[in-house]
Structures are given as structure tokens and as C-alpha cells.
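What you see is a predicted model; the values in this text were computed from it and never measured.
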Amino acid sequence: MNTTPAPTVRSTVHGYPRIGPDRELKRAEESYWRGATTAAELERVAADLRLDTYARLRAAGIDDIPSNTFSYYDQVLDTAVLFGLVPARFEDPTAASGADGRLGRYFALARGVQGAPPLEMTKWFDTNYHYLVPELSPDVRPRAAGDKPVAEFREALEAGYRTRPVLVGPLTFLLLSKAADDAPRGWSPLALLDDLLDAYASVLADLRAAGAEEVQLDEPVLATDEGRAALAHLERSYTVLGGLADRPRLLVSTYFGSIGADALRVLKESPVEAVGLDLVTDDEGVADLTAVSGLGSTRLVAGVVEGRNVWRTDVPAAVAALGTLLGLADEIAVSTSCSLLHVPIDLDAETSLAPELRAALAFAEQKTREVALLGRVLSAGTADGRDTGPAPAGAAFVDSRVRARLEALGPDAYERPQERGAPSGLALTTTTIGSFPQTAELRRARAAHRRGELGEQEYKEVLRAEIDRVIALQEDIGLDVLVHGEPERNDMVQYFAELLRGYATTENGWVQSYGSRCVRPPILFGDVSRPEPMTVEWITYAQSRTQKPVKGMLTGPVTMLAWSFVRTDQPLGETARQVALALRDEVADLERAGIRHIQVDEAALRELLPLREEKRAEYLDWAVGSFRLATSGVSPTTTVHTHMCYSEFGLIVDGIEALDADVTSVEAARSRMELVEDLGRRGYRRGIGPGVYDIHSPRVPSVEEVEASLRLAVSHIDAGGLWVNPDCGLKTRGYEEAEQALRNMVEAARRVRADL
């Protein structure tokens with residue numbers, strides 16, 4: 001009989017939500033930005049949230065607790081500040097806008113101030129979380145310029161928690177950065193690697209001196225083609241850092257997919273003590289381990305609990321999977337597949353979900369308990385926890401009518417007539433993306449209506465009054481194609497989820513998107529259909545208030561998936577087609593109601609693009625197909641618009657063209673018209689609306705700034721196909737700044753149009 005005791009298996013997580021269970025960070029930050037509270041008050045809230053997180057993780061039974069996962073905005077920005085990599089335009093003391101110098105400059109980098117536009121913002125790999133893109137040049141050398149990781153480690157230690165500090169890894173940081181405008185042509189941020197490693201060495205020494213026993217370096221870029229192609233830089237990084245005499249143990253953590261056997265072999269052969277692998281996102285991680293004959297004495301941190309979706313872990317299946325890994329590493333720790341930043345905090349805060357759905361779910365709090373349970377089960381050498389497997393993730397919620405409609409579709413359901421009317425008779429047609437500022441009064445009315453304190457008719461009168469205001473304002477500003485402002489919508493995905501079958505929404509399931517911006521992703525659990533029209537009443541009312549055209553506004557099928565927690569029992573493409581079919585019905589109703597401009601937003605088309613090129617063609621096939629299914633039923637005289645924001649679109653120009661939309665509006669203000677240059681080189685002939693106003697910053701662009709952007713756009717794209725619009729909807733801005741920015745935008749378009 002084998003009497004060898006089971007190995008002790010520790011538990012950990014890569015990170016935890018930082019917004020607070022009641023979005024305390026959001027409220028504290030926005031109060032600070034308004035000048036209503038001080039930097040010291042904001043910092044007290046932040047400290048309380050950090051300590052609350054440590055307490056939650058300990059109570060859940062997590063053995064190794066991470067620190068330095070808190071951020072006021074995002075972890076990449078924190079890394080740039082830590083190493084003194086701040087563009088010169090923010091060195092001026094006025095960049096702090098009279099606020100506390102350190103925090104003032106930090107938020108200026110993220111949000112901009114007059115005279116200093118913010119850093120570009122884009123998506124964190126294939127998630128709906130955003131990061132700020134560092135601007136690097138050979139003139140600014142990395143150095144250890146801050147103490148955030150050390151200060152937060154000491155704070156935790158004083159409270160009784162010996163944590164594992166987490167840093168963005170050097171390769172990921174450099175590959176996610178961009179060359180500053182003044183950098184020499186062809187210069188790459190990777191040229192700073194050796195200097196950056198010296199700066200990391202200094203921070204690691206400081207952490208060891210403070211008492212840190214292990215530090216986590218996150219390298220999710222290894223799940224991408226770019227990361228896999230940088231193996232020499234990876235080897236250099238961890239040969240240098242692993243070879244330091246004065247350092248804690250190093251855990252190199254990877255996630256968002258397999259890193260490939262070659263990268264894993266580099267890490268295995270480096271002097272680092274542990275490697276974290278995502279064993280959930282795809283099925284290649286175990287194959288990678290097998291290909292390198294296991295990790296040997298390098299500890300494996302096995303990400304077997306899904307960190308990005310909300311379905312419960314099948315514990316017996318996870319135990320079986322972990323059992324197979326015991327022969328591939330001498331030591332194993334159980335973890336999440338990535339940081340829990342991407343899921344809500346606590347399922348116990350939800351009281352209205354259907355019991356059968358609730359039984360299938362796990363939020364961050366529940367996932368930490370799953371991780372701890374798996375560690376205990378493996379340590380005990382038993383398959384305890386048989387009753388903790390998941391309920392079906394959608395399999396029991398089938399609508400045969402939806403499936404029959406999809407089966408009956410022919411190829412013509414995805415094609416529009418090639419001969420179509422011109423999208424606009426103007427050069428540089430001005431419009432906005434969709435939403436207008438949502439005032440406190442409007443939010444209070446919505447809340448009162450939800451609580452039953454404001455009747456249906458009274459609530460509709462509030463919405464109609466807001467639409468009247470928005471239409472009148474747009475006419476006064478001089479916009480050419482108007483929008484109704486979306487006063488009835490709480491969120492561009494949640495609004496539709498509440499009206500579609502197959503979706504559920506939460507009361508408190510908040511997830512951070514960027515900075516203080518939080519969203520409540522709905523849960524797509526079953527077959528999707530549309531019981532009745534969702535937007536027609538509001539769009540047709542708006543159109544009745546003006547002689548100018550008003551756009552109908554819908555959220556596209558890919559974005560409805562990307563910004564939801566989606567069922568896992570069928571391919572994403574099949575779910576996308578179900579959503580597309582529901583939207584197709586809405587598009588048809590809008591057209592029948594006389595709406596001739598219909599915008600189907602696909603803000604997340606680039607976001608869901610697989611991180612590796614070999615998987616992209618399959619994705620674009622179903623993603624483009626679902627958009628075309630939603631929009632192809634319109635007549636040749638109806639203009640189909642789409643909108644995309646805050647992603648690098650150069651990789652999917654072919655996909656953008658394949659959508660067959662008449663007009664595509666895109667983020668371009670922070671990225672300085674980069675996509676327009678790409679489109680111009682390709683001879684793009686459809687309508688394009690490059691954003692000229694960055695709505696994620698409180699600064700108002702001047703007429704001259706917008707004019708310069710438009711003149712750059714006109715140099716690449718024929719003016720007859722150019723539309724003029726903000727980067728995104730205006731919901732998060734105030735009326736005063738939004739109105740002035742739109743007036744400046746219209747005046748800039750008038751000036752450029754006059755010179756054509």
C-alpha cells in the first residue's frame with residue numbers, strides 16, 4: 001500500500017477587484033476630481049480597500065495573498081510612473097491642475113489637462129478592461145522613481161499580511177508601450193530593456209529589504225504572437241532578474257492563453273522559482289508542459305479557476321485536471337486563470353437572480369473559495385467537494401423557434417445590395433456617436449422608476465423632455481445628423497440585455513472598465529430572442545422633433561457578447577448569430593418607422609480578436625457574419641453605420657471593410673489618426689468617422705486642435721467619405737464641456753470644408 005503523504009498544495013490568486021464592494025473607489029476618485037475631497041481623503045479610502053481585500057482573501061482560505069494589485073487607474077500607468085517614464089508635457093507643475101502634485105500629475109496622465117492631452121487608452125489584451133499606453137523614447141531612461149510596491153507591501157505587513165507584490169513584467173510593459181512622437185523613426189521601446197531591468201533590480205532589492213519573500217511579474221504578452229516572437233528578450237529578462245543576488249523569489253505569471261512550449265522552455269531554464277499558467281482559456285497549456293517534459297523543480301502555479309467568466313468551477317473535474325499536473329512539476333499551487341479584476345465581487349449581493357441561474361454562478365468572492373477548496377482537496381489527497389460542480393451554463397435554456405429561424409437562413413440573409421445611395425450629400429458630415437450626458441436628474445428619475453416611485457407615464461415624460469433638449473441643442477450647434485441622446489439607457493449593453501430573452505442582469509455586479517468607470521456585464525445564459533421592439537418608440541419620437549435625420553442606435557452582436565458573461569455550452573459564433581437575429585428584427589422595425597440612418601455599434605470587434613493570428617480568421621468569419629446578419633435586411637437607401645472605440649484597429653482593417661457598413665466611426669483622437677493613415681494606404685472607399693474629440697478626458701479640444709486632426713484626415717481620405725464625430729458617446733461627460741467641444745468640432749469642420 002502506498003503511504004506517501006499527499007503534497008501540500010498552496011492556493012493563491014493573481015489579483016482581486018479593487019473598486020470596492022460598493023464602488024467606494026469610484027466615488028472617492030470622482031469626489032477628488034471635483035475638488036470636493038482632498039488627496040489625503042482619497043488615499044484613506046484606497047488604504048481601507050486594500051486592507052479589506054487582504055481580509056477577504058484570508059477569510060476565503062487563500063494561502064498566498066497578492067499586493068500592489070490596487071491601482072487608482074491602471075497597472076500599466078502605475079508601472080510607467082514607478083520607473084519615471086512620464087512624457088515631458090506632464091512635467092510642468094501646471095499639469096497637476098493645482099491639485100496634490102503627485103496624484104494630480106498621475107491623473108493628468110490618465111485624463112489630460114488643458115495643454116497636455118492624456119496618454120492613449122486601449123484594451124488590455126482581449127478584455128473590456130483598458131490601460132493607458134506609455135509613450136517611450138530614448139531620451140527618457142527608466143529608473144526606480146517611486147515606491148508604490150514597497151509602500152503597499154509594508155502597509156499590508158503592518159496589518160498582519162505578508163503578501164506577494166505584483167508588478168507588470170518588463171517584456172509585457174515594453175511590448176504594450178509605444179514610441180513617442182519625437183522618437184527616431186524605427187526606434188522600438190525594447191531598446192530600453194537593459195535599463196529597465198536595472199530599474200526592476202532596484203525595486204526587487206527594495207522589496208526584499210522590506211521583507212518580501214516572493215514577487216510576481218506578470219507577462220500576459222506571452223499569450224500573443226508578439227510575445228512569442230520576443231523569446232530572446234524574454235530569456236534576457238529572466239536570466240538577468242533571476243540571476244540577481246539581492247532579490248525575493250520570482251513568480252513569472254502568464255495568462256489569457258497558452259504561451260507555447262518555446263516560451264515555457266525559456267522560463268523553465270531561467271533561474272526563476274515559479275511559473276503561472278492559464279489552464280482555462282485554451283487546452284494547450286498542458287500540451288506545452290508535456291512538450292517541455294514538465295517544470296521539474298520550478299513551481300507550477302496552475303490557473304484552473306476561470307478568472308474572466310462567472311460560471312462555477314466544476315471542482316471534481318478541476319481536481320482531476322490538477323491530479324494530472326502533479327507529475328509535471330515537483331510543486332504545484334492552485335490559482336485563478338488570471339486576475340479576478342474582470343468579475344464582480346460577491347454573488348451574495350445579488351437577490352433577484354433566478355435560483356437555477358444563481359446556482360451556476362461564482363463571483364470573485366466565491367472563486368477565491370473555490371481556489372482554496374482545490375488546494376485543500378489536493379493537499380488531503382481526496383476528491384472532496386463533489387457537490388460543488390456547476391449547473392448547466394445555458395444548456396437548459398433552449399428556444400426551438402430561434403434555432404429553427406437560424407437553420408432556415410440562406411446566404412442572402414448576409415448580403416446587402418452593392419448599389420446603394422450615398423451615405424451623405426456633404427463633405428465632412430458632422431454627427432455624434434449616440435449618447436448625451438446623463439444628468440443627475442435623469443439618473444434620479446431612472447432610479448425612482450426602478451423602485452416604483454415614479455410611474456411609467458411620468459417617467460416617459462422625463463425621457464421625452466430630455467430628448468427634446470438634446471434635439472434642440474444639436475440643431476443649435478449645427479450638427480448634420482442627429483441622435484436622440486439615449487436617455488432611456490443605463491448602459492449600451494445592459495439596456496438591451498434587459499429587453500432580450502436569454503439574458504439576466506445583476507443589481508451589484510460591477511466590474512471596472514477603466515479609471516472610475518464601472519459596468520455591470522449582463523449574464524447571457526440561454527437562447528436569445530427579442531419579445532418586442534426595444535428602441536423604436538424613442539427614435540421615432542426624436543425624429544418627430546426635427547427635420548434633420550436622426551440615427552437609430554443599437555449595440556451589435558459581438559459587443560453584446562464581449563461585454564457580457566456568456567454561456568459556455570455552445571460556440572460563441574452560434575450565440576452571436578442568435579443576438580444578430582434579434583437585432584435584425586429591430587433594424588427592420590426602425591426602417592419601417594422611417595429611420596434612414598441606423599447605427600449598430602461594434603465597439604468590441606477588435607477587443608475579441610484572438611491574441612494569436614492563427615485563430616483570427618475563424619473569429620472574423622463569425623464576427624463579421626453576425627454583423628451582416630443584423631444589418632443586411634435594409635433597403636439600399638438606408639445608411640448603415642457602425643462604431644468602434646479604444647482599440648488598435650490596424651490588425652482588423654480587412655474585417656472592418658467586410659462588415660459592409662456605409663459609415664464606420666472610430667476612436668482616433670488619442671491615437672492621432674493612426675487608423676485613418678492605415679485606411680488611406682489601403683484605398684478605403686467607404687465612409688469613415690475618425691473621432692476628433694476624446695470623450696474620456698475632461699479637457700475640451702480647441703477649434704484649432706480639431707481642425708488640425710481633420711486636415712490630417714483629409715490628407716489620407718477623400719473628404720466626401722469623411723464624417724466628423726467624437727471618439728465615443730458623451731454619457732460620462734457634463735453638458736457644459738460636451739456642448740463646447742461639439743461647437744468647436746462643428747466650427748473646425750466648417751473651416752476645413754470651406755477650403756475643399
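With ring centers used as reference points, Phe83 lies under 6.0 Å from Tyr200. Aromatic ring centres of Phe70 and Tyr16: separated by at least 6.0 Å.
Atom OG1 in Thr431 sits 7.0 Å away from atom CD1 in Ile433 (nearest 0.5 Å). Separating the CG atom in Leu132 from the CH2 atom in Trp124 is a distance of 12.0 Å, to the nearest 0.5 Å. Distance CG/Leu49 to OG1/Thr53: 6.5 Å, rounded to 0.5 Å. Taking CZ of Arg141 as the start and CG of Asp194 as the end, the distance is 9.5 Å to the nearest 0.5 Å. Between Thr122 atom OG1 and Leu176 atom CG the span is 9.5 Å, to the nearest 0.5 Å. The CD1 atom of Ile695 sits 7.5 Å away from atom OG of Ser435, with the distance rounded to the nearest 0.5 Å.
Residue Val140 comes nearest to Gly84 through the heavy atom pair CG1-O, 3.7 Å, listed as atom of the first residue, atom of the second, then distance. In plain terms, the two heavy atoms of Leu103 and Ala39 that are nearest each other are CD1-CB, 3.9 Å. The heavy-atom pair separating Glu607 from Ala562 by the smallest distance is OE2-CB, 3.7 Å. Residue Ser137 comes nearest to Leu192 through the heavy atom pair O-CD1, 4.1 Å, listed as atom of the first residue, atom of the second, then distance. Heavy atoms only, all atoms of each residue included: Leu742 and Pro726 are closest at CD2-CG, 3.9 Å.
Ion pair Arg711/Asp755 flagged as a salt bridge, since at least one NZ, NE, NH1 or NH2 atom sits closer than 4.0 Å to an Asp/Glu carboxylate oxygen. Ion pairing between Glu747 and Arg743 fails under the 4.0 Å rule for side-chain N and carboxylate O. The residues Glu214 and Arg247 are annotated as not salt-bridged, no charged nitrogen and carboxylate oxygen being separated by less than 4.0 angstrom. Using a cutoff of 4.0 Å between basic side-chain nitrogens and carboxylate oxygens, Lys178 and Glu135 are not scored as salt-bridged. Classification of Arg699 and Glu705 as a salt-bridged pair holds, one side-chain N sitting under 4.0 Å from a carboxylate O. In summary, Lys26 and Glu30 engage in a salt bridge, as defined by a charged side-chain N under 4.0 Å from a carboxylate O. A salt bridge links Arg517 with Asp491: at least one charged nitrogen is closer than 4.0 Å to a carboxylate oxygen.
His643 contributes no side-chain N or O that, together with a main-chain N or O of Asp601, makes up a donor-acceptor pair within less than 3.5 Å. Side-chain N or O atoms of Ser513 include one that pairs as donor or acceptor with a backbone N or O of Asn128 at under 3.5 Å. Listed for the Ser202 side chain is no donor-acceptor partner under 3.5 Å among the backbone atoms of Ala199. Looking only at distances, a side-chain donor or acceptor of Ser697 sits under 3.5 Å from a matching main-chain atom of Arg111. The main-chain N or O of Ala156 is never found under 3.5 Å from a side-chain atom of Arg50 such that the two would form a donor-acceptor pair. Judged purely by atom type and a 3.5 angstrom limit, Arg105 has no side-chain atom pairing as donor or acceptor with the backbone of Phe90. Asp74 places a side-chain N or O within 3.5 Å of a backbone atom of Val76 that can act as its donor or acceptor partner. With hydrogens and angles ignored, the 3.5 Å screen pairs a side-chain donor or acceptor of Glu41 with a backbone N or O of Thr38. Not one N or O on the side chain of Ser31 forms a donor-acceptor pair closer than 3.5 Å with the backbone of Ala28. In this structure, Thr37 contributes its side chain and Tyr32 its backbone to a donor-acceptor pair below 3.5 Å.
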Run Thr559 and Glu602 through side-chain hydrogen bond (donor to acceptor under 3.5 Å, both in side chains) and show every step you take.
CA-CA 5 Å; Thr559 303; Glu602 281 296 19; 2.7 Å; yes
Report the C-alpha separation of Tyr131 and Lys123 in whole Å, then their side-chain angles, then the decisive distance to 0.1 Å, and conclude whether the side-chain contact (heavy atoms from CB on, under 4.5 Å) test is met.
CA-CA 6 Å; Tyr131 75 95; Lys123 297 295 176 72; over 6 Å; no
Apply side-chain contact (heavy atoms from CB on, under 4.5 Å) to residues Leu251 and Leu217 and explain how you reach the verdict.
CA-CA 6 Å; Leu251 159 62; Leu217 296 170; over 6 Å; no
Go through the steps to decide whether Asp126 and Arg308 satisfy the test salt bridge (charged side-chain N to carboxylate O under 4.0 Å, His left out), and finish with yes or no.
CA-CA 11 Å; Asp126 55 352; Arg308 293 176 56 177; 3.0 Å; yes
Apply side-chain contact (heavy atoms from CB on, under 4.5 Å) to Leu85 and Phe173, showing your working.
CA-CA 11 Å; Leu85 297 170; Phe173 178 76; 3.5 Å; yes
From CA spacing to verdict: side-chain contact (heavy atoms from CB on, under 4.5 Å), Val714, Leu428:
CA-CA 9 Å; Val714 167; Leu428 303 179; 4.2 Å; yes
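Aromatic ring orientation, Phe125 versus Phe256: tilted (interplanar angle from 30° to 60°). Between His342 and Tyr129, the two ring planes are perpendicular [angle over 60°; tilted spans 30° to 60°]. Ring geometry for Trp33 versus Tyr73: interplanar angle of 30 to 60°, hence tilted.
Here the side chains of Tyr238 and Pro170 are in contact, with some heavy-atom distance below 4.5 Å. The closest side-chain heavy-atom distance from Leu479 to Met745 is below 4.5 Å. Side-chain contact check for Val240 versus Arg236: some heavy-atom pair is nearer than 4.5 Å. By the 4.5 Å heavy-atom criterion applied to side chains, Trp563 and Met492 are counted as neighbours. Side-chain contact check for Leu174 versus Leu136: some heavy-atom pair is nearer than 4.5 Å. Put simply, the side chain of Val724 does not reach to within 4.5 Å of the side chain of Thr429, judged on heavy atoms. In this structure, the side chains of Leu204 and Pro248 come closer than 4.5 Å at one or more pairs of heavy atoms. Counting heavy atoms from C-beta on, the side chains of Tyr72 and Leu25 come closer than 4.5 Å.
Side-chain polar atoms of Asp78 and Ser71 form a donor-acceptor pair below 3.5 angstrom. Using modelled atom types, one finds a donor on one side chain and an acceptor on the other under 3.5 Å when comparing Arg18 with Gln75. Using modelled atom types and a 3.5 Å distance limit, the side chains of Glu219 and Thr172 yield a donor-acceptor pair.
More than 12 heavy atoms of other residues, nucleotides or ligands sit less than 6.0 Å from atom CD of Glu704.
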